[in-house]
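Mind looking over this structure? Questions follow.
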Amino acid sequence: MNLRNVAFLSAVSLAIPLSGDSLTVSIEAFADPTAFTINDGSNLSLRVAELSPAPSDNASTHVLVEGLMPVEDGTQVHASPYQGIDAESGEVQDVGLLYLDLPETASLPEGSVSSPIVGVLERPGSWEDFNLNTPSTDLGGVSGDGDYDSGVLDLSLVRDGASFSGSTSYTVIDENTIELDAFTLNTDGTDSFGLSSTTLLREGDHFYGTVTNLSEGAGYDSLIFSILLTDIPDLDSDGIPDIVDDSIEAGEGLIEDWQRLEFTWVWGLTPEWGISTYMGYIYVPNLPYVYAEGTGWLFHVESADTDHLFYSWDKGWITVSENNGGFYYAYTDSVEDGEWFQFPQAG
């Protein structure tokens, strides 16, 4: 049965208050680790961002540096990922990016991914052991809310009383990867900052990445920023942030919160029972088997966007649209041979 071939009643708009679609976004300028030396010279300007913070008992003694790449055409600013490694165990304990402003006399072949500093560098501790200077920028240090829904991340950030706003589309690649499109942040209606697209990687319960200021002529100190997504809801407490979790299961996370199941939004009363936006009271711990009070047992077969196919032990095959205010279509031999019903409404 293809749900797209089923005719439904005219849609009824449902106002659903959701609390699980807000996170914290922060954009930070890269710091200058003044006590960290990568060679005996002093002609390299270095910036660093620790994107995945090290544990409190960080034992990393070396930094693995990969090949440098210019951040944009015509610039001497080059980027290199790094990993902080415990030489005894080989464990990676922190992850970040190094940015170097190379001297004008330095150059890399076009398309090169190698550099004179590829390799392992000794490091006597975590970045917290160094004296870090954060350059003054017009953007670094902003943080605030990011509301995500349907592939759009709306940003409302602040710094020292100044407000920054904007939005960007995002694509979930998998549980560990998010792609952000290029976007613009506007501040108090006066200035705007164009920021590059980027890939965000997951580390535990947060995502990290870097963005480049696309403003023409941006100086080195205002060119590169880290971006972090934190405080991401995990309503079913399975360790996967909801923004990338396409299979949120019912459970204790339902209590006193909105939860997105595959076929409905549910307000949870207990770990077992919840109120569906269109099905009334439902019993959900045995998904895909669902018990709808007043309707009986249903088996969730498949979904197509907001349209869903169930099997009812009482009425047989039924089709449901989330936007039809609780009405569903039960049929026997064909789509045209059936009857409309409504789930008993909770409340």
Exercise. Of all heavy-atom pairs between Phe225 and Gly140, which one has the smallest distance, and what is that distance?
Worked result: CE2-N, 3.5 Å
Problem set entry | Criterion side chain to side chain contact (heavy atoms under 4.5 Å, CB included) on Leu298 and Trp313, from CA distance to verdict | CA-CA 7 Å; Leu298 306 171; Trp313 276 260; 5.5 Å; no
Problem set entry | Distance in Å, Asp314 CG paired with Thr295 OG1, rounded so as to fall on 0.5 Å steps | 8.5 Å
For this session: Please check if the side chain of Arg202 supplies one atom and the backbone of Gly204 the other of a donor-acceptor pair under 3.5 Å.
Result: yes
Problem set entry | With Asp181 via side-chain contact (heavy atoms from CB on, under 4.5 Å) - residues at least two apart |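 Thr168, Ser169.
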For this session: Kindly give the heavy-atom pair with the smallest separation between Gly146 and Val25, and that separation in Å.
Result: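 Of all heavy-atom pairs spanning Gly146 and Val25, the closest is CA-CG2, 4.0 Å.
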For this session: Check whether any side-chain N or O of Asp145 sits under 3.5 Å from a backbone N or O of Ser156 as a donor-acceptor pair, and report yes or no.
Result: no
For this session: Using the test ring-ring contact (aromatic ring centres under 6.0 Å, His included), find all partners of Tyr291 that sit at least two apart in sequence or belong to another chain.
Result: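 Listed in chain order: Trp297.
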Problem set entry | Same apolar cluster: Val152 and Val244, side chain cutoff 4.5 Å | no
Exercise. Side chains of Glu322 and His308: is there a donor and an acceptor less than 3.5 Å apart?
Worked result: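 Looking only at side-chain atoms, His308 and Glu322 do form a donor-acceptor pair, the distance falling under 3.5 Å.
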Exercise. Can you find a pair of side-chain heavy atoms, one from Leu153 and one from Leu23, that are under 4.5 Å apart?
Worked result: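 Yes, at least one pair of side-chain atoms sits under 4.5 Å.
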Problem set entry | Within-4.5 Å side-chain heavy-atom neighbours: Ile178 and Ile173 | no
For this session: With sequence neighbours excluded, tell me which residues meet ring-ring contact (aromatic ring centres under 6.0 Å, His included) with Phe193.
Result: none
Exercise. Is there a donor-acceptor pair under 3.5 Å between the side chain of Ser303 and the backbone N or O of Asp305?
Worked result: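 Between the backbone of Asp305 and the side chain of Ser303 there is no qualifying donor-acceptor contact (under 3.5 Å).
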For this session: Flag the pair Ile232 / Phe207 as yes when at least one side-chain heavy-atom distance between them is below 4.5 Å, and no otherwise.
Result: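 Yes; the side chains approach each other to less than 4.5 Å.
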For this session: Examine the side chains of Glu28 and Ser226 and answer whether a donor and an acceptor come within less than 3.5 Å of each other.
Result: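 Their side chains do not contain a donor-acceptor pair, so the 3.5 Å distance test is not met.
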For this session: Is it possible for you to say whether Phe341 and Ile318 belong to one hydrophobic cluster, with membership spreading through side-chain heavy-atom contacts below 4.5 Å?
Result: yes
For this session: Measure the CD-NE2 distance between Glu88 and His62 for me, rounded to the nearest 0.5 Å.
Result: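 It comes to 10.5 Å.
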Exercise. Is there a path of hydrophobic side-chain contacts, each under 4.5 Å between heavy atoms of I, L, V, M, F, W or Y residues, that connects Phe183 with Val172?
Worked result: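 Yes; Val172 is reachable from Phe183 via cluster members.
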Exercise. Counting only N and O atoms by type, is there a donor-acceptor contact under 3.5 Å from the side chain of Asn324 to the main-chain atoms of Gly326?
Worked result: no
For this session: Before giving the answer on side chain to side chain contact (heavy atoms under 4.5 Å, CB included), spell out for Leu201 and Asn176 the whole-Å C-alpha distance, their side-chain angles and the decisive distance to 0.1 Å.
Result: CA-CA 6 Å; Leu201 300 178; Asn176 300 307; over 6 Å; no
Exercise. Around Glu175, counting heavy atoms of other residues, nucleotides and ligands shown, do more than 12 lie under 6.0 Å from its CD?
Worked result: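 For Glu175, atom CD is not crowded (no more than 12 foreign heavy atoms under 6.0 Å).
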For this session: Over all heavy atoms of both residues, which pair between Thr184 and Ser192 is shortest? Give the atoms and the distance, please.
Result: CG2-CB, 3.8 Å
Seminar exercise, completed: In terms of heavy-atom contacts, His206 and Leu229 come closest through CB-O, 3.1 Å
Exercise. At what distance, to the nearest 0.5 angstrom, does OH of Tyr281 lie from CD of Glu293?
Worked result: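 Spacing of OH (Tyr281) from CD (Glu293) equals 7.5 Å.
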Exercise. In Å and rounded to the nearest 0.5 Å, what is the CH2 to OG1 distance from Trp265 to Thr277?
Worked result: 9.5 Å
For this session: Return the set of residues passing ring-ring contact (aromatic ring centres under 6.0 Å, His included) with Tyr283 (not counting sequence neighbours), or none when no residue passes.
Result: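 Listed in chain order: Trp273.
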Problem set entry | Heavy-atom side-chain proximity of Leu185 to Leu155 below 4.5 angstrom |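 Contact flag for Leu185/Leu155 side chains = yes.
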Exercise. Are any non-hydrogen side-chain atoms of Ser143 and Leu157 less than 4.5 angstrom apart?
Worked result: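 They are not in contact (no side-chain heavy atoms under 4.5 Å apart), so the answer is no.
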For this session: Would you give the length of the straight line joining atom CD1 of Ile27 to atom CZ of Phe164, rounded to the nearest 0.5 angstrom?
Result: 9.0 Å
Problem set entry | Minimum side-chain heavy-atom gap Tyr289-Leu287 below 4.5 Å |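 Tyr289 vs Leu287: side chains apart.
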For this session: Check whether the side chains of Tyr82 and Asp94 place a donor and an acceptor atom closer than 3.5 Å, and report yes or no.
Result: yes
Exercise. Given side chains that start at C-beta, do those of Tyr278 and Phe327 come closer than 4.5 Å, heavy atoms only?
Worked result: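 Counting from C-beta outward, Tyr278 and Phe327 never come under 4.5 Å.
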Problem set entry | Side-chain (Thr264) to main-chain (Leu261) donor-acceptor, under 3.5 angstrom | no
Problem set entry | side chain to side chain contact (heavy atoms under 4.5 Å, CB included) evaluation trace for Leu139 with Leu195 | CA-CA 11 Å; Leu139 183 61; Leu195 298 174; 3.8 Å; yes
Problem set entry | Rounded distance (nearest 0.5 Å) linking atom CG of Asn323 with atom CG of Asp307 | 8.0 Å
For this session: Looking only at non-hydrogen atoms, find the nearest pair between Tyr208 and Leu228 and report the distance.
Result: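 For Tyr208 and Leu228, the tightest heavy-atom pair comes out as CB-CD2, 3.4 Å.
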For this session: Measure across Ala162 and Thr187 and return the closest heavy-atom pair with its distance rounded to 0.1 Å.
Result: CB-OG1, 4.2 Å
Problem set entry | Check: Tyr170 and Ile243 side chains under 4.5 Å, non-hydrogen atoms | yes
For this session: In sequence, state the C-alpha distance, the side-chain angles, and the governing distance for Leu180 and Leu200, and then conclude on side chain to side chain contact (heavy atoms under 4.5 Å, CB included).
Result: CA-CA 7 Å; Leu180 284 186; Leu200 303 180; 3.7 Å; yes
Exercise. Does the separation of the ring centres of Tyr328 and Phe343 fall below 6.0 angstrom?
Worked result: yes
For this session: State which residues pass side-chain contact (heavy atoms from CB on, under 4.5 Å) with Ser196; sequence neighbours excluded, sorted by chain then number.
Result: Val211, Thr212, Leu214
Exercise. Taking only residues two or more places apart in sequence or in another chain, which ones pass ring-ring contact (aromatic ring centres under 6.0 Å, His included) with Phe263?
Worked result: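 Testing Phe263 for ring-ring contact (aromatic ring centres under 6.0 Å, His included), a comparison that skips the adjacent residues, returns His300, Phe310.
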